[in-house]
J.: 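Just dropping this structure here.
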Amino acid sequence: MISLVSLVLAAAANQDADVEKVLEFEKKVRACVEKAKPAYVFFGQGSGVCISPDGWVLTNFHVAGDRDGQKVRLTGGRRFVADVVGFDPHGDISLCKLQGAKDLPFCELGDSDALEVGQTVIAVGNPFMLGNTSWEPTITLGIVSALHRYMDNPGYFDAIQTDAQINPGNSGGPLITLDGKVVGINGRIDIKRFMNRVNTGIGYAIPSRQIERYMKAFKEGGRALEGCILGITVGECGDERYENVGRYGDGVFVAGVTDGTPGARAGFQPGDIITEIEGYRIGNLNRFHGVAGNWPQGETVGVRVRRAGGTVALRAYLGDPAQVLAREVTLLPADPGFRPAPDERAPGVRLAEVLKNGPAEKAGLKAGDVLRAAEGKLLRNWEDLKAVLKEKKPGEAVKLRVAREGKESELELTLPAPPPPKTRE
Amino acid sequence: MAALSILSAPAGADDDASAALARVLAELRQRVGKSVVALEVARDSDPQGTGRAGAVAAHRDYLNRPAGPCSGVIYEPDGFIVTSYFNVSGVLKKNGIKVTLHDGTEHRGELLGFDERRDIALVKIDAAGLPALPRAAPEEIVQGAFAAALGRAPDPAAPTINVGIVSAVNRMKNAAVQTDAEMNYGNTGGALVTLKGALIGVCCNIKPDAHWGQSGGIGFACKASEIDKLLPRLKKGEKIDPELRPHLGIRVGEGNPEVQGVHVAQVEKDGPAEKAGMKDGDVIVELDGRKIEDFEELREALLAKKVGDEVTLKVKRPRGPKEFEDKALKAKLDGRPDE
């Protein structure tokens with residue numbers, strides 16, 4: 001009888017000890033919730049997260065788009081107006097700035113490369129807008145189920161998969177590790193039924209490292225473009241229709257290289273097997289596209305290829321140089337109405353395109369013209385011209401020296417006037 | 001799911017916690033499981049629906065309701081059982097509620113009162129000395145705290161336990177907590193408890209037409225503190241109607257962006273706003289001195305009022321594309337069922 005009682009007591013004591021152990025873990029979760037919750041942003045029918053005290057907010061492109069003047073709220077209901085600064089429609093990220101924000105609670109970006117499968121994470125969001133009016137977001141707990149998931153349209157090309165429950169309204173909200181850092185932006189789920197978009201334990205987040213690499217482009221403004229290596233034709237290793245293309249999992253093989261492209265300039269050769277980009281192992285085509293998309297166009301990445309029994313290290317430019325230059329032009333204070341060609345041959349700036357009815361066309365410029373000087377300064381390349389144009393305000397004129405068919409002439413280009421202040425009619 | 005998250009956490013300090021959680025849940029299942037009962041409910045066909053939404057609702061209620069038992073919680077030792085109203089709604093057969101206790105004894109249950117909005121119902125069985133659960137203290141119910149949902153389906157003989165965290169503490173107008181412990185038809189009506197086995201609330205609001213669906217990581221439990229308040233009324237057999245919410249009687253639309261406020265698209269006939277002299281096109285910019293910039297703010301301001309209160313509204317009435325006339329209107333709020 002006595003032994004029975006002591007047994008029961010011992011069991012109760014063990015139970016208490018077990019509960020205490022779990023409550024210790026719970027404490028970590030609660031501390032993480034306390035840190036993450038104030039940085040949460042109620043963003044329309046979705047979510048966002050504040051990542052700096054001066055109000056930079058990350059969300060999904062499918063939540064915020066590219067619009068300015070969106071009304072948002074913080075946890076607790078404090079209101080702000082958010083303007084989208086930079087965005088990536090394909091990668092589904094918008095970076096916004098909250099007007100007049102300072103000293104805001106925030107969560108800094110963590111290192112998604114350090115995540116381990118099985119690691120505990122929480123998601124903060126507003127599924128089914130349940131938190132509207134109480135302005136208390138929903139917290140869900142789960143683990144990292146898998147890393148580097150690849151999906152297209154929108155391009156979750158290096159996604160974190162989690163079983164922390166994510167539902168409609170969680171989009172744009174943060175995925176957070178127990179140290180209170182944002183390792184991903186939740187934005188996509190696998191669902192089981194048509195029309196009822198309820199989570200099945202499979203959610204996807206865009207990793208923080210990828211977002212970090214786009215941050216410069218986002219803060220410059222406008223649309224960011226995903227990286228890709230142009231000018232090479234690639235195939236899956238082990239494809240039986242080809243010879244000497246390795247085994248599936250080795251990497252991706254280069255079937256062809258087009259002259260005059262970034263791929264050719266990087267030094268790729270037919271027969272190369274790409275095994276690594278910036279230290280990331282490339283196992284198949286999805287991973288190849290996924291890793292390349294981790295950087296915006298215009299960046300250069302290190303690539304390792306297997307060639308003739310050895311390995312060769314290459315530097316590959318990501319994206320289409322012409323497109324990258326066109327983006328830079330649109331970021332100037334005023335668009336001069338031409339698009340420079342990525343020309344490395346002659347000094348000066350060759351114009352690839354002159355926009356119809358634009359300031360450049362009105363000034364008499366034509367595609368193929370080479371700009372030799374601007375404001376009396378000789379131009380070596382686009383960077384020189386960009387420096388001149390950056391100093392010009394909308395409405396001002398720029399003196400240009402132009403070479404066309406061996407002859408040089410001077411002309412003046414008047415930059416477009418600033419847009420009239422927005423009137424609301 | 002949370003259990004899994006600990007169980008599969010990376011090697012390290014949490015390993016201990018993961019094994020501990022498994023033992024805690026096993027013990028909870030035995031101990032708290034005794035306070036969770038199985039309900040089997042027999043219904044008559046109800047071609048007219050349950051009275052509100054007609055045949056479509058009837059279809060949802062009857063055909064989409066899975067066969068098998070559902071769950072209830074022993075709320076007081078002398079035979080009072082609280083369950084989700086959804087579990088006992090519809091046209092019940094005579095003696096249509098069978099309650100099976102943890103030891104297998106069966107009782108005939110009688111439906112006393114219910115509250116459709118909070119989705120709870122009180123069932124009485126003829127028994128005494130039943131194991132009721134202690135209530136969780138308010139400080140235990142916080143976001144991120146572990147919570148376990150216990151039900152008695154599909155097999156009344158064995159409780160089911162799902163674990164998660166408290167996702168939010170203020171849902172359904174503060175009547176419910178939200179949890180990511182997975183909830184389905186079977187464990188709705190069951191108990192949501194802390195890891196020490198104290199009752200947080202009764203699982204509810206998992207219905208066929210809930211847009212958060214089932215097992216989607218969004219579940220609710222009507223707070224025990226809320227049920228405690230309602231219990232005397234439920235014991236008297238009251239069918240608690242939805243509370244009346246202060247109501248102004250306008251339809252909101254989009255209007256002239258020159259003014260920030262709530263643009264009134266249409267004033268409801270004979271409603272408080274019309275009686276106060278409001279016109280279509282007015283823009284509400286203030287309620288009792290509180291600035292109103294959007295619909296959410298108007299809603300919040302109204303929810304802070306009581307039915308019958310008189311409120312002063314400042315509106316801007318359009319007199320031209322950019323001209324407005326300021327008006328102050330006094331409206332006596334009436335009530336409308338909360339939904």
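Proteins get letters first, then strands, A, B, ... in listed order; numbering begins at 1 in each. All values below come from the heavy atoms of this structure, side chains included, with hydrogens, waters and symmetry mates left out.
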J.: Hey, does the side chain of D180(B) reach the backbone of T140(A) with a donor-acceptor pair shorter than 3.5 angstrom?
T.: no
J.: Please look at R23(B) and chain A and tell me whether the side chain, the backbone, both or neither of the residue comes under 4.5 angstrom of a heavy atom of that chain.
T.: both
J.: Looking at K27(A), K21(A), E24(A), which makes the most heavy-atom pairs under 4.5 Å with chain B?
T.: K21(A)
J.: Contact part of L23(A) toward chain B, heavy-atom cut-off under 4.5 Å: side chain, backbone, both or neither?
T.: side chain
J.: Kindly give the heavy-atom pair with the smallest separation between E26(A) and G144(B), and that separation in Å.
T.: CG-O, 3.7 Å
J.: Counting only non-hydrogen atoms closer than 4.5 Å, can you tell me which residues of residues 29-46 of chain A sit against chain B?
T.: V29(A), R30(A), V33(A), K37(A)
J.: With a 4.5 angstrom heavy-atom cut-off, is it the side chain or the backbone of Q143(B) that approaches chain A, or both, or neither?
T.: both
J.: My understanding is that only residues two or more places apart in sequence, or in another chain, count here; which of them pass side chain to side chain donor-acceptor pair (under 3.5 Å) with Q30(B)?
T.: none
J.: Select, from E296(B), R171(B), Q178(B), the one with the greatest count of heavy-atom pairs under 4.5 Å involving chain A.
T.: R171(B)
J.: Working to the nearest 0.5 angstrom, can you tell me the gap between K196(B) NZ and Q15(A) CD?
T.: 11.0 Å
J.: May I ask you to say whether R79(A) pairs ionically with E297(B), meaning some side-chain N is under 4.0 Å from a carboxylate O?
T.: yes
J.: Taking all non-hydrogen atoms of both residues into account, name the closest pair between G216(B) and Q165(A) and its distance.
T.: O-OE1, 3.2 Å
J.: Can you give me the closest heavy-atom contact between N167(A) and I218(B), atom names plus distance?
T.: ND2-CD1, 3.5 Å
J.: May I ask you to list the residues in residues 129-139 of chain A that approach chain B closer than 4.5 angstrom, counting heavy atoms only, ordered by number?
T.: L130(A), G131(A), N132(A), T133(A), S134(A), W135(A), E136(A), P137(A), T138(A), I139(A)
J.: Run the side chain to side chain donor-acceptor pair (under 3.5 Å) test against R149(A) and tell me which residues pass, sequence neighbours left out.
T.: Q161(A)
J.: Measure V142(B) against the heavy atoms of chain A and call it side chain, backbone, both or neither at under 4.5 Å.
T.: side chain
J.: In plain terms, say whether K71(A) and E293(B) are close enough for a salt bridge, that is, a side-chain N and a carboxylate O under 4.0 Å apart.
T.: no
J.: Which bit of F295(B) is near chain A, if near means a heavy-atom gap under 4.5 Å: side chain, backbone, both or neither?
T.: neither
